[in-house]
Amino acid sequence: MSLRYEEIAEIMKIIDSSSCDELIVETGDVKLVVRRNGAHGASPPIERPLAASAASSAVAAPRPASPAPVAQQEKIEAGSGKLEITAPMVGTFYRAPSPDAPAFVELGSVVKKGQPLCLIEVMKLFTTINSEFDGRIVQIGAENGELVEYGRVLFVIEPA
Amino acid sequence: MDKFPARAGTIPVSWFETIGSTNAEALTRAARGERGPLFIAAERQSAGRGRRGRAWISEPGNLHATLLIADPAPPAVSPQLCFVAALALHDAVLDGCAGLAPTRLKLKWPNDLLLDGAKTAGILIEGTALADNRIAVAIGFGVNCKHHPSDTPFPATDLARAGSDLSPVSLLAKLGMRMEERLKEWNRGEGFSATRAAWLLRGQGIGDEIEVRLPQRNLNGIFESINEQGELVLRRPDGERQAISAGDIFPLNAKAG
């Protein structure tokens, strides 16, 4: 048997209104796995705000000097007219140029247009994402080492 | 040392005796408005770099070259350049190593070149955003022609071990030509199915059990294929398939111990 589009849409609605992060439905030879945004397979959101283990044998990432919030999103209140920096591609989000280097920016950092904010790695392409605005970082939308989707809001900037 | 040619294929080459990093130089030029295509090549790098800030040992006698291209494709498909570059390098090394059996040269996902199972070249692509949602990319090639490091997590080798006397200058000339061919085949991403098929023919470890090392955890499974985006398709022990967009892979067979 197979699942119809309507049935999948219904399942999506159910998980959307529930508190589940993951739902697995198996009927005959069909297996449907539904996960919420953050619960994406390659990079669950449950880990530390800054991953302590780095890829391969590279040096482990140091803890940030100031304690980072445990929540998935870091946020401080901003006025109206906030500007967003979104992910131009799917990939792994890095807040620092290398595991043992300090983050490009922190919450509250004042940034200039063109200033590097983060890296996104896909395959072995590392793309530096630069600020498109002068302003102050009021939200960081992903954790170091997290897999981000295309269009994900990475930073919210309050214009200067 | 051979004479430094002004071009590789039709691509201009800017040669340096010593430089910090050919990728860094290419990105600096991109920031100043250079659009390429242009090769930056150096006999020696004093600060050669690999993935995630790892050092790349850069001895004279090896090839250190970066190809700068502005707006190679829409950003979302630009990571496929990993495969384009890996194929061009595979082609160029075979061109330059007469008598080397093609089956001895494999590609490790996404873009390391392996000789008899050991790493003999790496490719690191760094992108920087331009205006209007375009990017410029610096495709850095590090090829162990005569030397290789000994203290690496994955075994390394060099082309001289296979009896090759290919010089960096000669290799770059071939790489320029092959890169132009493979870029044309890829056609800004529209020809990725041909790129993917060519990569799969040369891919190392397809069908084997591997470990994928991610920033936050490691995953085991069977390396089934690469998908239409170039992501590694991993079949987990529970049968579920997972697409991996970035990570280091290691074989898990007994021999690799």
Side-chain angles (χ1 to χ4, degrees), chain A residues 24 26 29 31 33 40-48 50-61 85-101 113-114 116-117 119-132 143-151, chain B residues 23 27 31 49-54 74-83 85-86 109-112 122-129 131 133-135 137 139-140 152-154 212-219 226 229-232 234 236 238-248 250:
Chain A
I24 300 172
E26 278 192 88
D29 55 357
K31 181 177 180 183
V33 180
H40 195 286
S43 186
I46 47 174
E47 277 108 332
R48 293 81 55 196
L50 276 175
S53 67
S56 185
S57 67
V59 187
I85 304 285
T86 57
M89 56 185 79
V90 175
T92 306
F93 170 84
Y94 293 109
R95 288 188 51 192
S98 68
D100 49 359
K113 184 178 176 179
L117 301 178
L119 292 173
I120 292 185
E121 180 190 18
V122 200
M123 267 70 95
K124 217 171 280 185
L125 166 62
F126 286 86
T127 303
T128 304
I129 309 300
N130 302 314
S131 179
E132 295 163 36
E143 288 176 30
N144 191 52
E146 186 181 348
L147 185 78
V148 295
E149 299 291 336
Y150 175 84
Chain B
N23 266 25
L27 290 168
R49 58 198 195 195
R51 186 170 177 266
R52 295 295 291 136
R54 287 177 214 159
V77 299
S78 294
Q80 295 169 0
L81 280 166
C82 293
F83 303 97
W109 185 87
N111 58 8
D112 288 337
I123 298 170
L124 175 70
I125 311 186
E126 295 180 87
T128 187
N133 195 34
R134 292 175 303 128
I135 61 171
V137 295
I139 307 174
T152 48
F154 195 90
V212 182
R213 299 184 187 166
L214 301 173
Q216 295 171 337
R217 60 184 174 150
N218 297 340
L219 296 173
I226 61 173
Q229 287 75 48
E231 295 165 327
L232 186 153
L234 188 72
R236 304 298 311 283
D238 65 2
E240 193 188 330
R241 285 176 178 78
Q242 189 162 345
I244 309 288
S245 62
D248 282 333
F250 289 82

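Chain letters run A, B, ... following the sequence lines, proteins first and then strands; every chain starts at 1. Everything numeric here is computed off the predicted structure, so don't read it as measured data. When reading the values below, keep in mind they use all heavy atoms of this one structure, side chains included, and skip hydrogens, waters and symmetry mates.
How far CD1 of B/Ile135 is from CE of A/Met89: 4.5 Å, rounded to the nearest 0.5 Å. Here the CG atom belonging to B/Leu214 is positioned 9.0 Å from the CG atom belonging to A/Leu147, to the nearest 0.5 angstrom. Atom CD of B/Gln216 and atom CD of A/Glu143 lie 6.5 Å apart (nearest 0.5 Å).
The minimum heavy-atom distance between A/Glu121 and B/Arg51, with the atom names listed, is OE2-NE, 2.6 Å.
Of the residues listed (B/Ile123, B/Asp112, B/Ile125), the one engaging A/Lys124 in a side-chain contact (heavy atoms from CB on, under 4.5 Å) is B/Asp112, and it is the only one. Applying the side-chain contact (heavy atoms from CB on, under 4.5 Å) test between A/Leu125 and each of B/Leu81, B/Ile139, B/Val137 identifies B/Val137 as the sole match.
Ranking A/Pro88, A/Gly91, A/Ala87 against chain B, the residue ahead of the rest is A/Pro88, based on heavy-atom pairs under 4.5 Å. Taking B/Cys82, B/Ala76, B/Pro74 one by one and counting their heavy-atom pairs under 4.5 Å with chain A, the maximum is reached by B/Cys82.
Looking at B/Thr152, neither its backbone nor its side chain comes within 4.5 Å of chain A, counting heavy atoms on both sides. For A/Ile120, no part lies under 4.5 angstrom from a heavy atom of chain B. Heavy atoms closer than 4.5 Å to chain A are found in the side chain of B/Phe83, but not in its backbone.
Listed by chain and number, the residues in a salt bridge (charged side-chain N to carboxylate O under 4.0 Å, His left out) with B/Arg134 amount to none (sequence neighbours excluded).
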